[in-house]
Amino acid sequence: AWANEIYVQQIGDNLDLDITQDGTDNVAGTSEQAMVLTGDDMTFDIDQVGDNNIISATINGNTYTGTINLTGNNNNVSLECDSGEAVACETVTADITVNGNGADIDLRVGETSDASNLVATLTVDGDNNVIDAEVDGTNADATIVIDNSSSLAGGNTVNVDMDGDGDINGHSLNLDITGGGGVYNVTQSGINDNTVDATFEGDNAAVDIIQSD
């Protein structure tokens, strides 16, 4: 009853969008009515403080820089770039930070055409969070930092799928995991270099890494 709701439909270049929502059950787009941003050279910054908040955005443009900060529990993010449009997400920089438990983060880049360059950083401090990242690109670099409690029941889940024929730099994934439990699934494919650099500190992690040309 107290939710704030924001729905944005944007067409045009050089968008600079800043959104701050403080409270519970706030919405910046939904799966049924996502924010749709179409154009080149976009920047947006979304901050949500509270529980049970939602961010759902679709980006159709060549260059995108985005920062999302979530503080609270059971928050959901769905961020898609190049979803069903003719233009590709040529250059994407995404920085997502979660402080809390039970978040569901879904990042999809290059769904219908390879992204030329992705730099993504996801930082999570909390328990029972889920990160799903699917990237189709020619050069993708992702860093995921997890810090959860020592409780085995507090483990987080990370699923990363990076494919596409990388350029001379290929694809790289850095995992820095602290805490007990957790499930980590990584799939990388492409004709050039694929690199996973992972550090795990804690008990009972389940890790599955698959790489193929």
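Between the side chain of Q21 and the backbone N or O of I46 there is no donor-acceptor pair closer than 3.5 Å. The closest donor-acceptor contact from the side chain of Q211 to the backbone of S189 lies at 3.5 Å or more, if one exists at all. Counting only distance, with no hydrogens or angles, the side chain of N129 and the backbone of A103 share a donor-acceptor pair below 3.5 Å. Side chain of D197 to backbone of N174: no donor-acceptor contact under 3.5 angstrom is found. At least one donor-acceptor pair closer than 3.5 Å links the side chain of S56 to the backbone N or O of T30. Using modelled atom types, one side-chain atom of N156 and one backbone atom of G126 make a donor-acceptor pair closer than 3.5 Å. Of the possible polar contacts, none joining the N74 side chain to the D51 backbone as a donor-acceptor pair under 3.5 Å is found. Side-chain atoms of N75 come within 3.5 Å of backbone N or O of G50 as a donor-acceptor pair. Between the side chain of D41 and the backbone N or O of Y64 there is no donor-acceptor pair closer than 3.5 Å.
Q188 places none of its side-chain heavy atoms less than 4.5 Å from the side chain of I210. Counting only heavy atoms from C-beta outward, the side chains of N148 and T178 never approach each other to under 4.5 Å. Within the 4.5 Å cutoff, the side chain of I19 has no heavy atoms near those of the D47 side chain. Within the 4.5 Å cutoff, side-chain heavy atoms of L173 are placed close to those of I144. Side-chain contact check for V160 versus Y184: every heavy-atom pair is 4.5 Å or farther apart. Contact of the I55 side chain with the N76 side chain is not registered, since no non-hydrogen atoms from C-beta on lie closer than 4.5 Å. At least one side-chain heavy atom of V124 sits under 4.5 Å from a side-chain heavy atom of I131. Taking the side chain as every heavy atom from C-beta outward, L17 and T43 never approach each other to under 4.5 Å.
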Is there a side chain to side chain contact (heavy atoms under 4.5 Å, CB included) between V77 and I68? Walk through the geometry before answering. CA-CA 9 Å; V77 173; I68 295 175; 3.9 Å; yes
From CA spacing to verdict: side chain to side chain contact (heavy atoms under 4.5 Å, CB included), D161, N159: CA-CA 7 Å; D161 187 342; N159 300 305; over 6 Å; no
With side chain to side chain contact (heavy atoms under 4.5 Å, CB included) as the test, would you mind laying out the steps for I105 and L122 before giving the verdict? CA-CA 9 Å; I105 311 298; L122 296 92; 4.0 Å; yes
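Closest approach of F44 and A57 over heavy atoms only: CZ-CB, 4.2 Å. Scanning both residues, V135 and A140, for their nearest heavy atoms gives CG1-CB, 3.8 Å.
In the model, S172 has a side-chain atom that pairs as donor or acceptor with a side-chain atom of D141 under 3.5 Å. Residues N128 and N101 have side chains that never bring a donor and an acceptor to within less than 3.5 angstrom of each other.
Residues meeting the side chain to side chain contact (heavy atoms under 4.5 Å, CB included) test with A198, sequence neighbours left out: L175, V196, F200.
Surrounding CD of Q9 are more than 12 heavy atoms belonging to other residues, nucleotides or ligands, all under 6.0 Å away. Residue I11 qualifies as open at atom CD1: its count of foreign heavy atoms under 6.0 Å is 12 or below.
Checked for salt-bridge contact, E134 and R108 meet the test: a charged N lies under 4.0 Å from a carboxylate O.
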